[in-house]
Every structure is written in structure tokens, then in C-alpha cells.
**Q** 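One structure, pasted below without further comment.
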There are 2 protein chains.
Amino acid sequence: MHGFHGTSMRDLAKAIELAPSALYASFPSKEHVLAELVRLGHEAHLAMFRKAVLDGGSDPADQLRALVHANAVMHATYPHIAVVVNDEMHVLNAELAAPGLARAPSGIAMLMDIIERGIAMKRFVARHPMVTAGAIGAMALRIPYWFGPSAGITIEELAAAQAALALDMVGVAR
Amino acid sequence: MHGFHGTSMRDLAKAIELAPSALYASFPSKEHVLAELVRLGHEAHLAMFRKAVLDGGSDPADQLRALVHANAVMHATYPHIAVVVNDEMHVLNAELAAPGLARAPSGIAMLMDIIERGIAMKRFVARHPMVTAGAIGAMALRIPYWFGPSAGITIEELAAAQAALALDMVGVAR
DNA sequence: GTCTATACCACGATAGAC
DNA sequence: GTCTATCGTGGTATAGAC
């Protein structure tokens, strides 16, 4: 909740009821703890993306719906790891960030691919693929900051609504 | 670039070529520096929102287009202050955050108002106003993290594209 | 692998001269 | 209002016993 610099090794140790020094038996430094979280998050995220696209079959609209739906479910179900992966990764130095970065481009690239394939197939009429992809990705990225039990909607309703919005954005008739 | 906890008073002092202690002549604490930035940012943001809605006239679609356009321009033109206001405000304690929070709800409330008025007037067909408002707001919030001179589009193109996407999301025909 | 103890350093903030 | 100098705290990380 307080970011990398706002969370101390003493905080981490207290949370798992260990002495601070015990952490160094598993991680060489505080940065390595974050790097491992980022790596795990990216791995899970990429696996989810791949599965969603497969589940979406061959129609770009179905693929986009499946991808946005799954992405929303993931961000609503695991908001903490989503925030760590998206917002804290940039504090890692190049070497430690590499294992995560190697997977990150695949996510946005898959979204862009679907959009551009949909346009090529005349299934979508998006006018600006990059801005559209950014807007679709942004919807999910903000979920951890407002969605919760008090939001008054279920995860399924949220995911379905965001999937519908994504289809609106690429010009697929409702 | 490194957040509140990742930026020291010594960093701030070096940036303006002053001794660290000289900062305390203007601000009682590091938190007060952030609070002032957040207050200024919220003030400017709210003024922009109000002007945009007025410029949009009485049609909800024109209002929404004007608001999203202006919001995108602001986030692309002043990305640093946008990040500070949106992402760092939460580290302030309740007392210091109050002047900013007093203005924050007005922004999202104005967006919700426009959407719900558009639905009531049968100008919009948005199915889920809250999720839609969140998605529209999210587009702008992410701008500082990807938009820049190397993005290959102008601020005007970006703003126009996001305004069009917002209209898509509320079901106004292109 | 865990503990206690501690080294070493950067942090926010203050004191007091100018 | 700015400086130099410094205080006290809490940070990451290590040493060495068990």
C-alpha cells in the first residue's frame, strides 16, 4: 500500500513474523524481493492472456472480449500483485527488471495484434489502434484503485461491462 | 519519478540548488511540500473541468467530448504534476490531504453527472455508468506513463482519439 | 534458517551564525 | 532566507551464535 520505498524490510519481516535478518536467507536484497514478485506476476499474467486468446477462438471480437474479461477478473481478484507488477516494477534496475520486461511486451503486443487483425479483417473500425489499446489496457490497470466489496457490483459484472466497453471502442456493434 | 518516499529533501534541494535546510523556510515538512503540489494540481484540474463543461454547451455528448479532450491535453502537457496528484496523494495524512480531497470528488462527479444526464435524455445508452466513468477516467490517468515525443502522435491527435473513444463507450454513434 | 546484536548510512528536521 | 553543522531515527544489510 505504500510502495517499494515506503515498505521496509522490517515491515516485511513483521508481516510474516520473522526477524528482519531471516529474510536475507531467501533474498539477497530488498530489490530481489520485489523482482521475484514482479516475475511471478508477469508470468501469471502472460499465461492468462494466452489462455484467454485461445478461448476466444478465431474471431477477433471474441478474442478481445475474452482477453478483456479475463484481464479484469485478474485485476479484481489479485489487486495487490497487479499494483506491484504495474506500478513498482520501474524501481528495479535494468538487470533485475529483465525477467519481467521479457514478458511485459507480450501482453500489450497481443492486444495490439488482435486490434490490428480485427481492422484488417474489417471486423473492427478502430481509428487509432495504439490509443485504443492503451485505453483498453488502462481500464483494467485502474481496477485495484476503486473496485472492492463496497463497489456494489460483482467481479463478473465488472468484467462483462469492461469487455462490452472494449468492443464499443473497436466499433463492434452492440 | 521515484515517488514521495523515494525522493529526499536533499534531492529537492539539489534540484533547485539550495541547501536542504533552506527548504524549511518555505515548508514546515516534506509532507507539506507534497500537499501544496497536490492542492495546486487539483485546483488547476477542477478549473479545467469546469471550463470544458461550459465550453461543451448543453448537449451531453458535446460536454463529454470537451471534458475528455481537455483532460487528455492536461495529462499529456503536465504529466509530472498529474502523476503527483493522482498517485502520491494517498501518502498524505487526513489533515494535509483535505484541501485536495475537497476538490477531487468534483471531478469524477462531474463525469458521472454528464453520463447519467445523457442516459436520462436518451442521448447515451451506457449500460453501466460507474464502470464507464471509470474507464473514461482511466484513459487519461495512464497518459503520463506512455505518451511522449516518441509516441508518434500529437497531443491534439491523442485528445481527439480519446474523446472519440469516450463517445463510443456511451453509445453515441460515430 | 532463525535468532540477537550491531555496523553503517541516509533520512527528516533543527540550531545557530550571517 | 540562506548557509554549515549536526542531531536522532530508522533504513538495509551483516556477523556470529544456535
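Residue numbers begin at 1 in each chain, while the letters A, B, ... track the order of the sequences.
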**Q** I'd like to know if the side chain of B/Glu31 reaches the main chain of B/Asn93, judged simply by a donor and an acceptor atom lying under 3.5 Å from each other, with no hydrogens or angles considered.
**A**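 Looks like yes, one N/O pair under 3.5 Å.
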**Q** Which residues end up grouped with A/Val33 if you chain together Ile, Leu, Val, Met, Phe, Trp and Tyr wherever their side-chain heavy atoms are less than 4.5 Å apart?
**A**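 Besides A/Val33, the hydrophobic cluster comprises A/Met9, A/Leu12, A/Ile16, A/Leu18, A/Leu23, A/Tyr24, A/Phe27, listed by chain and residue number.
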**Q** B/Leu23 has an atom CG; how far is it from atom P of D/dT2, in whole Å?
**A**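 Result: 9 Å.
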**Q** Would you mind reporting whether A/Val172 and A/Arg65 have side-chain heavy atoms less than 4.5 Å apart?
**A**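 With C-beta onward as the side chain, the pair stays apart.
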**Q** Determine whether A/Ile114 and A/Val53 make a side-chain contact, defined as any pair of heavy atoms from C-beta on separated by less than 4.5 Å.
**A**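 A side-chain contact under 4.5 Å exists here.
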**Q** Nearest whole Å is fine: how far is C/dA13 P from B/Leu12 CG?
**A**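 Distance, rounded to whole Å: 11 Å.
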**Q** What string of B, S and - do you get for nucleotides 4-18 of chain D, 5' to 3', when a contact is any protein heavy atom under 4.0 Å?
**A** B------BBBBB---
**Q** Do the side chain of B/Asn71 and the main chain of B/Leu67 share a donor and acceptor less than 3.5 angstrom apart?
**A**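 Checking the backbone N and O of B/Leu67 against the side chain of B/Asn71, no donor-acceptor pair under 3.5 Å is found.
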**Q** Can you tell me how far P of C/dC3 sits from CD1 of A/Ile16, to the nearest Å?
**A**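 My rounded result for the distance is 9 Å.
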